[in-house]
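Remarks on the structure that follows.
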Amino acid sequence: MADLSKKVIITCAVTGGIHTPTMSDALPITPDEIARQSIEAAEAGAAILHLHARDPKDGRPTPDPTVFMQFLPRIKQATDAVINVTTGGGLNMTVEQRLAAPLLAKPEMCSLNMGSMNFGIYPLADRYASWKHEWEEPYLRGTDDFIFRNTFRDIERILKMLGQEHGTRFEHECYDVGHLYNLAHFVDRGLVKPPFFVQMIFGILGGIGPDMENLTFMKQKADKLFGSDYRWSVLAAGRFQMPFATQAAMLGGSVRVGLEDSLHIGRGRLASSNAEQVRKIRTILTELGHEIATPAEARQLLGLKGGDMVGF
């Protein structure tokens with residue numbers, strides 16, 4: 001029997017709040033597109049689906065619970081994948097707005113950024129001369145003066161409201177080494193209990209850079225802080241997505257892909273869907289001898305409450 005702890009969990013981040021409709025026709029916008037691409041990604045091998053919502057009229061990120069509820073039940077009915085609802089939302093959303101959908105949905109998992117940070121995606125705007133929608137360019141350019149907020153008080157509130165009250169567990173998003181120490185603070189206080197899931201993130205301007213030695217450094221610090229109490233995964237932005245995911249698995253970690261993190265499938269080639277990225281990383285990992293976790297195995301590894309305990 002294979003050692004369950006050695007299996008690689010594939011997370012797919014389906015649409016996110018960074019990329020805009022101008023950047024790729026494959027980016028899912030409407031509830032139907034989000035549901036369809038999520039289901040396809042699960043069929044391709046993703047055990048966890050990390051989900052944001054978009055305004056179906058113009059593709060801007062939205063915290064509206066009614067939009068989430070147009071695709072969450074459909075995905076649940078069509079697949080056994082773990083549904084992970086963002087608490088990050090999109091730029092300029094308040095904490096209250098970001099929590100509206102998760103508190104209604106009561107999902108098995110939510111993402112949780114482990115600190116406030118500069119979050120700069122404004123360089124993306126220089127790549128495009130025209131835009132599908134008026135909101136896109138100012139949305140991107142405004143991030144030269146944007147701080148994503150998650151204070152210690154915010155994090156504690158989310159851990160208590162979603163974690164303690166609804167049994168939701170978290171994808172603890174760590175954009176820099178300080179975020180690992182923030183997580184350790186909440187572990188020491190007993191607000192985060194093992195087994196917890198650490199998502200190490202590389203290549204966002206304002207966070208740790210996409211240098212391969214940084215992956216090793218972050219893993220070493222996490223081992224020092226958490227010992228055997230955690231499982232870990234890696235995502236890297238843009239062209240670093242596949243190399244970092246591959247290296248993470250080689251070091252014993254899990255992986256995240258998806259159009260939230262990169263719009264491409266290869267050098268200069270846009271991905272046609274989220275499922276295409278999932279299939280690519282699954283092929284790479286299985287060729288290297290890794291076994292891919294099923295949704296049921298991911299639930300067991302991460303101590304999740306089960307898909308029958310959610311609010312949708």
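In what follows, every heavy atom counts, from backbone to side chain, and hydrogens, waters and symmetry copies are set aside. Residue indices begin at 1 and follow the sequence shown.
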Worksheet item: What pairs with Phe197 under ring pair (Phe, Tyr, Trp, His ring centres under 6.0 Å), at least two apart in sequence or on another chain?
Response: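 For Phe197 there are no ring pair (Phe, Tyr, Trp, His ring centres under 6.0 Å) partners, ignoring immediate neighbours.
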
Looking only at side-chain N and O atoms, does [Y] offer a donor or acceptor that is under 3.5 Å from a partner on [X]?
X      : Y      : value
Asp64  : Thr66  : yes
Asn274 : Gln37  : yes
Ser233 : Gln199 : yes

Tell me, do [X] and [Y] make a side-chain contact under 4.5 Å, heavy atoms counted?
X      : Y      : value
Leu205 : Asn118 : no
Val255 : Thr11  : no
Met109 : His50  : no
Val85  : Thr168 : no
Leu270 : Asp25  : no
Met93  : Pro61  : yes
Val82  : Arg299 : yes
Phe312 : Ile83  : yes

I'd like to know if [Y] and [X] are part of one continuous hydrophobic network [Ile/Leu/Val/Met/Phe/Trp/Tyr, side-chain heavy atoms within less than 4.5 Å].
X      : Y      : value
Leu251 : Leu285 : no
Leu162 : Met114 : yes
Leu225 : Trp232 : yes
Val14  : Val310 : yes
Ile284 : Leu259 : no

Ion pair check, [X] and [Y], cut-off under 4.0 Å:
X      : Y      : value
Glu156 : Arg189 : yes
Glu134 : Arg60  : no
Arg74  : Asp32  : yes
Arg141 : Asp126 : yes

Aromatic ring pairing [X]/[Y], orientation class (parallel under 30°, perpendicular over 60°, tilted between):
X      : Y      : result
Phe226 : Phe196 : perpendicular
Phe244 : Phe240 : perpendicular
Phe148 : Phe146 : perpendicular
Trp135 : Tyr139 : perpendicular

Enter the distance from [X]:[atom1] to [Y]:[atom2] here, rounded to the nearest 0.5 Å.
X      : Y      : atom1 : atom2 : result
Glu260 : Gln241 : CD    : CD    : 10.5 Å
Arg256 : Ile48  : CZ    : CD1   : 10.5 Å
Lys57  : His133 : NZ    : NE2   : 11.0 Å
Ile208 : Asn214 : CD1   : CG    : 4.0 Å
Leu140 : Met23  : CG    : CE    : 4.5 Å

Using modelled atom types and a 3.5 Å cut-off, is there a donor and acceptor pairing between side-chain atoms of [X] and backbone atoms of [Y]?
X      : Y      : answer
Thr79  : Ile75  : no
Lys219 : Gly252 : no
Gln277 : Ser262 : yes
Thr15  : Pro28  : yes
Asp55  : Thr62  : no
Lys280 : Ile265 : yes
Asp223 : Gln220 : no
Ser254 : Ile10  : no
Arg169 : Pro195 : yes

Worksheet item: Going by the ring pair (Phe, Tyr, Trp, His ring centres under 6.0 Å) test, which pairs reach into residues 97-127, not counting sequence neighbours?
Response: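 Non-adjacent pairs meeting ring pair (Phe, Tyr, Trp, His ring centres under 6.0 Å): Phe119-Tyr175.
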
Item to complete: Could you check Ile121 against Leu91 for side-chain contact (heavy atoms from CB on, under 4.5 Å), going step by step and ending with a plain yes or no?
Response: CA-CA 10 Å; Ile121 55 175; Leu91 308 182; 3.9 Å; yes

Neighbour count above 12 (heavy atom, 6.0 Å) for [X] [atom1]:
X      : atom1 : value
Ile147 : CD1   : no
Met309 : CE    : no
Asp188 : CG    : yes

Identify the heavy atoms of [X] and [Y] that sit nearest to each other, and give their distance.
X      : Y      : value
Pro21  : Ile29  : CG-CD1, 4.0 Å
Ala245 : Ile281 : CB-CD1, 3.8 Å
Ile292 : Glu297 : O-OE1, 3.9 Å
Ala271 : Ser24  : O-OG, 4.5 Å
Arg54  : Ile34  : N-CD1, 4.2 Å
Ser111 : Thr87  : O-OG1, 2.6 Å

Practice prompt. Check step by step if salt bridge (Lys or Arg N to Asp or Glu O under 4.0 Å) holds for Glu96 and Arg157.
Written response: CA-CA 11 Å; Glu96 287 72 22; Arg157 177 184 175 193; 2.9 Å; yes

Worksheet item: Which of these, Arg98, His179, Glu173, sits in a side chain to side chain donor-acceptor pair (under 3.5 Å) with Asn150?
Response: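 Among Arg98, His179, Glu173, the one that satisfies the side chain to side chain donor-acceptor pair (under 3.5 Å) with Asn150 is Arg98.
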
Worksheet entry | Gln300/Lys7 under side-chain contact (heavy atoms from CB on, under 4.5 Å): CA gap, chis, key distance, verdict | CA-CA 11 Å; Gln300 184 176 344; Lys7 292 204 172 185; over 6 Å; no

Practice prompt. Begin with the C-alpha distance, continue with both residues' side-chain angles, and end with the deciding distance and a verdict on side-chain contact (heavy atoms from CB on, under 4.5 Å) for Arg149 and Asn113.
Written response: CA-CA 9 Å; Arg149 171 185 167 140; Asn113 291 43; over 6 Å; no

Practice prompt. Applying salt bridge (charged side-chain N to carboxylate O under 4.0 Å, His left out), name anything that partners Glu136, two or more places apart in sequence or on another chain.
Written response: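 Counting only residues at least two positions away or on another chain, Glu136 forms no salt bridge (charged side-chain N to carboxylate O under 4.0 Å, His left out).
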
Practice prompt. Verify the ring-centre separation between Phe152 and His185: is it less than 6.0 angstrom?
Written response: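 That pair passes the under 6.0 Å test.
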
Practice prompt. Determine, stepwise, if the pair Met218 / Phe202 fulfils side-chain contact (heavy atoms from CB on, under 4.5 Å).
Written response: CA-CA 10 Å; Met218 289 279 280; Phe202 302 85; 3.9 Å; yes

